[in-house]
Amino acid sequence: MSEVDGSPEGDAAGSGGDRPGIPYRFEPTTTAAGIVARHSGIADGEETGVVVTVAGRLMLRRDQGRLAFGDLQDSTGRVQLFAMQKSTTDFEGFTGLHLGDWIGVTGEVIRTRRGELSVRVDSWVRLAEARRSFPDKWHGITDVDVRYRQRYVDLWVSDGARETFVARSRIFSATRRWLEERGFLEVETPVFHPIPGGALARPFTTHHNALDLELYLRIAPELYLKRLTVGGFERVFEIARVFRNEGISPRHNPEFTMLELYQAYADYSDIMVLVEELVAHLAMDLHGTTKLSYDGRELDLSVPWRRATMLELLEEHGGIVVDLDTDMDMLVGLCTERGIPVEDHYGPGKLILELYEKLAEPELWGPVFVTDYPKEVSPLSRDHREHPGWVERFEGIVAGRELCNAFTELVDPDEQRARFEAQEVGKAAGDAEAMVIDEDYLRALEYGLPPTGGLGIGMDRLVMLLTGTTTIRDVILFPTLRPEQ
RNA sequence: GCGCCUCUAGCUCAAUUGGCAGAGCAUCGGACUCUUAAUCCGCAGGUUCUGGGUUCAAGUCCCAGGGGGCGCACCA
């Protein structure tokens with residue numbers, strides 16, 4: 001960092017162009033945080049002799065006759081500006097700046113008599129005009145609608161908004177690094193799917209004119225990623241924007257980001273270890289600890305996480321002992337007693353899942369891996385090696401929310417075809433989210449998919465967890481909203 | 001999609017039982033040589049979300065619509 005000899009003016013202002021007085025480029029020599037880091041040790045009233053150039057937004061100004069103080073904010077933080085009529089060029093113009101104006105300032109780093117580290121403004125240039133008034137400097141924006149629609153303002157005035165998105169970026173890059181260190185290859189697969197697959201969800205549709213083809217925005221990258229495992233990429237991942245045509249809530253946005261990965265030769269137990277280690281690593285990277293607080297409750301992400309089967313949790317929290325061979329009338333009765341609507345096509349597996357989701361899942365805080373799901377509700381998971389009718393699948397529940405879904409992948413093409421066909425029966429019965437047969441995927445399986453463990457993590461929820469935010473809109477820069485007017 | 005709540009100046013909020021729409025901040029004008037949401041004086045700022053209705057009189061009550069929030073449903 002060469003703060004002493006920076007170019008103080010950037011490009012000269014006042015030339016021609018479309019906005020006279022606004023330069024075409026500017027070159028700061030340091031940042032607000034850089035100044036604080038380097039000069040915080042000086043005494044009150046002391047001058048450093050170091051001249052710096054900084055740029056940012058003027059967020060506050062306190063005029064004091066022939067003196068003026070201002071708070072300059074950039075992407076790293078804030079630093080005070082100290083202007084004097086006798087030494088600041090165009091002092092009157094400086095005191096006429098609007099809150100929210102972007103400015104570049106050159107001057108010596110000093111500490112005022114009253115003890116505030118400052119840049120004494122020798123020269124300055126306006127870099128952008130804030131034609132619209134910034135929100136109340138004390139209260140900021142409280143209307144969340146305005147925060148989401150005008151994120152460009154929110155990022156400046158809402159405490160923590162910028163930090164949350166910086167944290168998001170850091171979580172993503174740390175995740176990539178961690179996976180790459182373990183031999184995973186990042187890939188990109190199509191967003192347009194001729195057949196929506198890989199999850200049980202309603203897709204968005206679109207149309208390609210030249211091909212005159214109906215296409216679906218992907219609901220999951222899963223089936224393409226497993227094709228790549230067939231193709232010999234033994235460890236792949238994709239950080240995939242996916243789209244699901246469903247309601248909006250504090251935990252749901254129609255477009256969201258999922259991390260999916262597939263690891264050849266692994267099973268779901270290996271994936272559990274991977275998940276807990278990854279999440280604990282991210283917590284350490286971001287906070288230096290695995291002991292977090294979320295929504296007012298303690299959360300300890302240190303490994304290992306608890307593992308418990310769905311049936312065990314149903315007994316623990318619901319007080320009921322059932323299995324797939326439990327009498328159907330009894331299962332239906334247990335559901336209806338508890339106000340769970342039952343449809344005709346539900347089999348025992350679906351009924352048990354409903355009971356679990358109603359009785360046990362809301363009681364879970366986690367972290368806990370809920371293992372072993374009914375085959376009936378898991379069309380892409382491999383049969384459990386010991387328990388017929390069940391599959392090797394788990395969900396990770398952390399802070400009371402589903403964070404991930406993973407399984408030992410189904411590798412048998414014949415069994416996969418049978419699962420797809422069972423889904424088509426549901427589709428015909430009116431289940432809009434049921435899967436349809438993907439012949440090319442079956443063809444890929446016929447070339448041979450090795451034993452593989454797969455994982456999907458909701459990255460937005462992971463960011464919520466690690467940043468302590470309770471609504472998904474706070475971790476998505478531009479969440480889906482109705483258009484204005 | 002259904003239910004509940006909400007919408008007043010650029011921002012944050014007031015407005016008694018239905019009785020002249022107000023304040024702070026920001027903006028604009030003025031004062032002030034060490035401020036920290038600076039302070040002080042002054043000016044200006046409004047389709048009270050929209051459209052109907054009741055009433056002598058509606059920000060306030062009723063109906064419809066719109067935006068947003070929360071819950072349910074669906075899902076990650």
Side-chain angles (χ1 to χ4, degrees), chain A residues 44-45 58-71 78-88 91 95-101 110-118 120 130-150 153-154 156-158 198-203 219-220 222 240 242-260 339-341 357 361 377 395-398 401-406 431-433 455-465 470-473 479 481-485:
Chain A
D44 295 358
L58 183 67
M59 299 304 286
L60 288 174
R61 196 183 61 244
R62 299 171 289 279
D63 292 348
Q64 175 84 44
R66 275 166 278 181
L67 295 179
F69 303 86
D71 285 7
R78 286 192 181 196
V79 67
Q80 177 167 271
L81 304 177
F82 174 62
M84 291 188 294
Q85 188 176 47
K86 67 181 180 189
S87 66
T88 297
F91 179 80
T95 59
L97 287 168
H98 292 184
L99 298 191
D101 282 351
I110 63 163
R111 192 182 288 283
T112 59
R113 283 182 227 155
R114 294 292 174 88
E116 187 73 29
L117 192 67
S118 307
R120 191 189 58 223
R131 278 197 201 170
R132 294 172 182 267
S133 325
F134 256 52
D136 186 286
K137 62 191 178 187
W138 187 245
H139 299 96
I141 305 173
T142 58
D143 184 339
V144 293
D145 180 34
V146 175
R147 291 191 50 203
Y148 303 140
R149 287 189 197 283
Q150 301 183 38
V153 178
D154 181 52
W156 285 100
V157 303
S158 298
L200 300 169
R202 200 178 291 208
I219 54 176
E222 171 154 355
V242 299
F243 308 87
R244 298 188 182 177
N245 208 336
E246 290 156 356
I248 295 173
S249 86
R251 287 166 293 284
H252 303 268
N253 196 64
E255 55 178 304
F256 63 102
T257 303
M258 213 159 69
L259 166 67
E260 281 203 13
I340 300 169
E357 287 181 347
E361 196 180 271
V377 297
E395 288 189 357
I397 304 292
V398 185
R401 293 161 161 82
E402 290 172 28
L403 179 71
C404 66
N405 186 20
D431 183 354
E433 289 162 2
L455 166 70
I457 293 185
M459 290 300 284
D460 309 277
R461 289 185 179 176
L462 180 61
V463 174
M464 289 168 68
L465 178 72
T470 54
T471 166
I472 199 168
R473 294 185 198 90
L481 298 172
R482 278 194 172 81
E484 288 180 273
Q485 258 117 38

Problem set entry | Check: B/U36 base within 3.5 Å donor-acceptor of A/E116 side chain | yes

For this session: Write down the distance between CG (A/D101) and C1' (B/U27), rounded to a whole number of angstrom.
Result: 12 Å

Seminar exercise, completed: Pairing partner of B/U48, by Watson-Crick or G-U wobble and under 3.5 Å for both distances, is none

Seminar exercise, completed: A/L117 CG to B/U36 P, in whole Å, measures 17 Å

Dump every N/O contact between nucleotides 41-44 of chain B and the protein below 3.5 Å, one line per pair.
none

Exercise. Can you tell me how far P in B/G45 sits from the matching atom in B/C28, rounded to whole Å?
Worked result: 16 Å

Exercise. What is the pairing partner of B/U39, taking Watson-Crick or G-U wobble pairs with both distances under 3.5 Å in any strand?
Worked result: B/A31

For this session: Would you mind classifying the nucleic acid contact of A/R473 as base, sugar-phosphate or nothing, using non-hydrogen atoms under 4.0 angstrom?
Result: sugar-phosphate

Problem set entry | Length of the line joining A/R61:CZ and B/C32:P, which is rounded to integer Å | 16 Å

Exercise. Just by protein heavy atoms under 4.0 Å, how would nucleotides 4-13 of chain B read 5' to 3' in B, S and -?
Worked result: ------SBSS

For this session: With heavy atoms under 4.0 Å as the rule, sort A/R147 into base, sugar-phosphate or nothing.
Result: nothing

Exercise. Does A/K137 put a side-chain nitrogen or oxygen below 4.0 Å from OP1 or OP2 of B/U27?
Worked result: no

Exercise. Under 4.0 angstrom, heavy atoms only, what part of the nucleic acid is A/G65 near: base, sugar-phosphate, or nothing?
Worked result: base

For this session: Determine the contact category for A/N245: base if any of its heavy atoms lies under 4.0 Å from a base atom, sugar-phosphate if only primed atoms, P, OP1 or OP2 are that close, otherwise nothing.
Result: nothing

Exercise. With sugar-phosphate meaning primed atoms plus P, OP1 and OP2, does A/Q85 contact a base, only sugar-phosphate, or nothing at under 4.0 Å between heavy atoms?
Worked result: nothing

Seminar exercise, completed: Under a 3.5 Å limit on both distances, the Watson-Crick or wobble mate of B/C56 is B/G19

Problem set entry | Length of the CG-P vector between A/D71 and B/A26, whole Å | 13 Å

Exercise. Can you tell me how far P of B/U36 sits from CZ of A/F69, to the nearest Å?
Worked result: 9 Å

For this session: Check the distance between B/A38's C1' and A/M59's CE and give it to me in whole angstrom.
Result: 17 Å

Problem set entry | For A/H139, side-chain hydrogen bond (donor to acceptor under 3.5 Å, both in side chains) partners two or more places apart | A/D136

Problem set entry | Nucleotide opposite B/G3 in a Watson-Crick or G-U pair, distances under 3.5 Å | B/C70

Problem set entry | Integer angstrom distance from the P of B/G30 to that of B/U48 | 33 Å

Exercise. What is the distance, rounded to the nearest whole Å, between atom CG of A/D63 and atom P of B/G29?
Worked result: 12 Å

